[in-house]
Structures are given as C-alpha cells and as structure tokens.
S.K.: 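Shown below is the structure under consideration.
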Amino acid sequence: MKFDILTIFPEFFDILKDYSIVGRAIKEEIIRINAVNIRDFSEDKHNRVDDYPYGGGPGMLMQAGPIYRAIESVKNEGARIIYLSTHGKPLNQNKLIELSKLDHIVLLNGHYEGIDYRIVENYVDEEISIGDYVLTGSEVASLVLIDGITRLLPGVLSTSESFEEESFYNERLEYPQYTRPQNFNGHEVPEVLLSGNHKNIEEYRNYMALKITYEKRPDLIKFEELNEKEKETLIDIKRGEVKKWT
C-alpha cells in the first residue's frame, strides 16, 4: 500500500521509518510513505500557502491552488483522497478495516484555520476525524490512520489473530491479559488462566470481553446481535452475578 501525505511539515513523518511495526512494514516494502510538501506547489516567491479568509475572521486559511496542485501530483486512478478534519466521520475499527483493502491513500493535512472549502467540496473523497477535539494540524491524525491501517495489512503482524481479538475488532473491548510474575504485590493472575483448560480459558476470555465492554463502553453492545448464550451472560452481568471458574 502507498500513502501519499500532503503536508507543510513533511519532516514530521520521518519518525515512521524507525517506529515499531510501521517501521518494519516500510523496511519490508509492505507500505510506502511519500511525504509531499504542499509549499512546493505554491506560486508565491516565498512559498506561502495561506491567506486571510474572505468575510473576515481570525487566523489564516490554506489556499486552494497549492493543495489542488499537490493532489494532482500524486493522484491516480483508484486513489482515495482523505482530508483529516473535525467535520469528518469519527474513525473506528471498521473504517480502518475498509481502508486497509485499498492500494493507494492520499492523506491531506490542513493547518492554521483549515483549508479553502472548495478543495473539500470538489477534490476530497471523504473526511475523517479522530475525535471531537481540535489539534494544531492534521499530521498527528495522519499518523493514527497510518498506524491503524498498516497493522491490518497481510504480513505485518505474525497472525490475523493478533488483531482479530483486539478491542473494537468485533465491536467489543479486548479481554484482560496477564504475564509473569503470577503474584504481583499480592495481586494474583486469575486461576483459570493457569489451568491449562483451553475451553475454560476461551469461555473466560469471552465472558470478560463482554463484561468489560458493558462496564466501560456499553454503547458498543448491540443486544439484538448477540447470540443466546451471550444474551444470558449479559443479563447475569447486569444483575451483578459473579461467574465462577473451575
């Protein structure tokens, strides 16, 4: 997969080549990162890409011309042009899965007070938001997308189970996990995980995933989509009944 990143801070993305799983994916040529400086497409002698907004108001706005020319320099058939914006639909795991099936993504990063809206209306395929808050620029949001998409690509993680059991993959938070030591400051690892009984362990993990999701993110649970056993389990959880593991 190729990521073209349109930004006025291309050096910001140098971190990716040495960053964990993403860095390994770059080295193994599973992904290609191309940071494009929007200033290179300015027609101003000082490479300015911003100006005052029509109608007045605080701050500066990125001009349509340099952004349009930057998009055209990397766009090809099949490319998805994404603008990281507070106007966008909230990013979730399903969107990351959808994007991971593409071959070419162009990430447009705004700055200052944003970009000329004619770009959004005419040259952007979709807008995505990583949350209901405002950042200085979109570059951090682009990092989030690149990381979230890359780890879903074939060959990046050791097995598909590495992400299929994670939080949000099946609209459920991940079950809790533990490692050595068995006793930490008097806090013990749940006995069922030490039993060697794989059936009980799987049942425990499914139960805990549902319990934690109900307690921390109940909005993720769609009761009508649960199977009968899961519905019964959820009812017990709501009643405060404690599940015994043997």
Side-chain angles (χ1 to χ4, degrees), residues 1-19 22-23 25-26 31-92 94-96 98-100 102-150:
M1 172 181 282
K2 182 180 182 183
F3 293 97
D4 281 308
I5 308 165
L6 311 184
T7 173
I8 57 174
F9 297 104
E11 67 281 359
F12 183 87
F13 296 93
D14 290 345
I15 188 176
L16 290 174
K17 68 180 185 300
D18 297 315
Y19 175 63
V22 176
I26 293 172
I31 65 170
R32 289 180 292 156
I33 302 290
N34 178 38
V36 176
N37 193 339
I38 297 173
R39 293 188 187 278
D40 291 343
F41 299 89
S42 172
E43 294 180 341
D44 178 83
K45 65 179 181 179
H46 300 296
N47 293 328
R48 284 187 55 185
V49 295
D50 61 313
D51 209 334
Y52 295 102
Y54 283 121
M60 305 289 279
L61 202 65
M62 291 182 69
Q63 297 169 302
I67 296 174
Y68 169 75
R69 290 187 287 273
I71 291 173
E72 289 297 302
S73 75
V74 297
K75 183 179 179 181
N76 57 33
E77 186 176 355
R80 180 80 63 89
I81 315 297
I82 297 174
Y83 175 42
L84 287 307
S85 162
T86 55
H87 291 187
K89 292 182 179 179
L91 180 65
N92 58 32
N94 286 336
K95 173 56 69 172
L96 290 174
E98 174 193 325
L99 295 176
S100 72
L102 302 177
D103 294 322
H104 185 195
I105 294 175
V106 179
L107 299 174
L108 172 58
N109 295 271
H111 210 71
Y112 309 118
E113 292 300 314
I115 69 174
D116 189 307
Y117 200 67
R118 287 170 292 187
I119 293 293
V120 179
E121 290 180 304
N122 298 290
Y123 305 106
V124 165
D125 294 316
E126 66 176 306
E127 296 176 85
I128 291 178
S129 168
I130 63 167
D132 294 338
Y133 46 85
V134 179
L135 300 172
T136 303
S138 305
E139 284 75 15
V140 171
S142 283
L143 289 180
V144 170
L145 251 71
I146 292 168
D147 185 287
I149 293 169
T150 298

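We're numbering straight along the sequence, starting at 1.
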S.K.: Answer yes or no: is there a donor N or O on one side and an acceptor on the other, between the side chain of Asp147 and the main chain of Leu143, under 3.5 Å?
M.R.: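 Not confirmed, Asp147 side chain does not pair with Leu143 backbone.
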S.K.: What are the two closest heavy atoms between Ser85 and Ser129, and how far apart are they?
M.R.: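 Reported closest heavy-atom pair: O-CB, 3.1 Å.
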S.K.: Is any side-chain heavy atom of Lys2 less than 4.5 Å from a side-chain heavy atom of Asp103?
M.R.: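 Result no, sub-4.5 Å side-chain heavy-atom pair not found.
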S.K.: Among Ile115, Asn122, Val120, which one satisfies side-chain contact (heavy atoms from CB on, under 4.5 Å) with Arg118?
M.R.: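 Output: one option passes, namely Asn122.
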S.K.: How close do Asp125 and Ala79 get, counting heavy atoms only, and between which atoms?
M.R.: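 Of all heavy-atom pairs spanning Asp125 and Ala79, the closest is OD2-O, 3.5 Å.
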S.K.: Side chains of residues 70-78: which donor-acceptor pairs under 3.5 Å do they make with residues two or more places apart or in other chains?
M.R.:
from  : atom 1 : to     : atom 2 : distance (Å)
Ser73 : OG     : Ala70  : O      : 2.7
Asn76 : OD1    : His104 : ND1    : 3.0
Asn76 : ND2    : His104 : ND1    : 3.4

S.K.: With a 4.5 Å heavy-atom cut-off, do Ile8 and Met62 have their side chains touching?
M.R.: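 Ile8 reaches Met62 side chain to side chain.
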S.K.: Would you compute the distance between atom CG of Asp14 and atom CZ of Phe9 and round it to the nearest 0.5 angstrom?
M.R.: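 Spacing of CG (Asp14) from CZ (Phe9) equals 13.5 Å.
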S.K.: Could you check if a side-chain atom of Ile33 sits within less than 4.5 angstrom of a side-chain atom of Val22, using non-hydrogen atoms only?
M.R.: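 Not touching, per the 4.5 Å side-chain cut-off.
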S.K.: Compare every heavy atom of Ala25 with every heavy atom of Thr150, then report the nearest pair and how far apart it is.
M.R.: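 Residues Thr150 and Ala25, closest heavy atoms: CG2-CB, 3.6 Å.
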S.K.: Met60 versus His111: any side-chain heavy-atom pair under 4.5 Å?
M.R.: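 Met60 does not reach His111 side chain to side chain.
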S.K.: With rounding to the nearest 0.5 angstrom, report the CD1 to CG distance, Ile119 to Leu6.
M.R.: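 Going from the CD1 atom of Ile119 to the CG atom of Leu6 covers 10.0 Å.
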S.K.: When you compare the side chain of Phe41 with that of Val49, does any pair of heavy atoms fall below 4.5 Å?
M.R.: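 Not touching, per the 4.5 Å side-chain cut-off.
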S.K.: Quick one: pull up CG in Asn34 and CD1 in Ile5 and give me the separation to the nearest 0.5 Å.
M.R.: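 It comes to 8.0 Å.
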S.K.: With sequence neighbours left out, write down each residue that passes side-chain hydrogen bond (donor to acceptor under 3.5 Å, both in side chains) with Glu98, or none if nothing qualifies.
M.R.: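 Only Arg80, Lys95 meet the side-chain hydrogen bond (donor to acceptor under 3.5 Å, both in side chains) criterion with Glu98.
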S.K.: Is Asp132 atom CG crowded by more than 12 heavy atoms from other residues, nucleotides or ligands, each under 6.0 Å away?
M.R.: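 Result for CG/Asp132: open.
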S.K.: Of all residues at least two apart in sequence or in a different chain, which pass the side chain to side chain contact (heavy atoms under 4.5 Å, CB included) check with Gln63?
M.R.: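 By the side chain to side chain contact (heavy atoms under 4.5 Å, CB included) rule, Gln63 matches Asp51, Pro66.
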S.K.: Check whether more than 12 heavy atoms from other residues, nucleotides or ligands sit under 6.0 Å from atom OH of Tyr112, and answer yes or no.
M.R.: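 Counting other residues, nucleotides and ligands, OH of Tyr112 exceeds 12 neighbours.
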S.K.: Flag the pair Phe3 / Ile31 as yes when at least one side-chain heavy-atom distance between them is below 4.5 Å, and no otherwise.
M.R.: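 Result yes, sub-4.5 Å side-chain heavy-atom pair found.
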S.K.: So which atom in Ser100 and which in Ile149 form the shortest heavy-atom distance, rounded to 0.1 Å?
M.R.: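 Minimum heavy-atom contact is CA-CG2, 3.8 Å.
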S.K.: For a side-chain contact (heavy atoms from CB on, under 4.5 Å) check, start with the C-alpha distance between Ile105 and Leu145, then their side-chain angles and the critical distance, and finish with the verdict.
M.R.: CA-CA 10 Å; Ile105 294 175; Leu145 251 71; 5.7 Å; no
S.K.: Is Lys89 atom NZ crowded by more than 12 heavy atoms from other residues, nucleotides or ligands, each under 6.0 Å away?
M.R.: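 Check fails, neighbour count at 12 or below.
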S.K.: Between Ile67 and Asp116, is any pair of side-chain heavy atoms under 4.5 Å apart?
M.R.: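 A side-chain contact is absent here, since even the closest heavy-atom pair is not under 4.5 Å.
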S.K.: Kindly give the heavy-atom pair with the smallest separation between Pro53 and Gly59, and that separation in Å.
M.R.: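 It is CD-O, 3.4 Å.
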S.K.: Could you work out, with side chain to side chain contact (heavy atoms under 4.5 Å, CB included) as the rule, every residue matching Ser138, not counting sequence neighbours?
M.R.: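 For Ser138, the residues satisfying side chain to side chain contact (heavy atoms under 4.5 Å, CB included) (neighbours in sequence not counted) are Leu84, Asn109.
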S.K.: For Ile15, check side chain to side chain contact (heavy atoms under 4.5 Å, CB included) against everything at least two apart and list the hits.
M.R.: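 By the side chain to side chain contact (heavy atoms under 4.5 Å, CB included) rule, Ile15 matches no residue at all.
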S.K.: Do Phe13 and Thr7 have side chains that approach each other closer than 4.5 Å (heavy atoms only, starting at C-beta)?
M.R.: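 The answer is yes; the side chains approach within 4.5 Å.
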S.K.: Any pair with a residue in residues 41-50 that passes salt bridge (charged side-chain N to carboxylate O under 4.0 Å, His left out), sequence neighbours left out, goes on the list, sorted by first then second residue, please.
M.R.: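 Residue pairs passing salt bridge (charged side-chain N to carboxylate O under 4.0 Å, His left out), neighbours aside: Glu43-Arg69, Arg48-Asp50.
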S.K.: For atom OH of Tyr54, decide whether the heavy atoms of other residues, nucleotides or ligands shown that lie under 6.0 angstrom number more than 12.
M.R.: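 Open: at most 12 neighbouring heavy atoms sit under 6.0 Å from OH of Tyr54.
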S.K.: Can you check side-chain contact (heavy atoms from CB on, under 4.5 Å) on Ile128 and Leu99, steps first, answer last?
M.R.: CA-CA 12 Å; Ile128 291 178; Leu99 295 176; 4.0 Å; yes
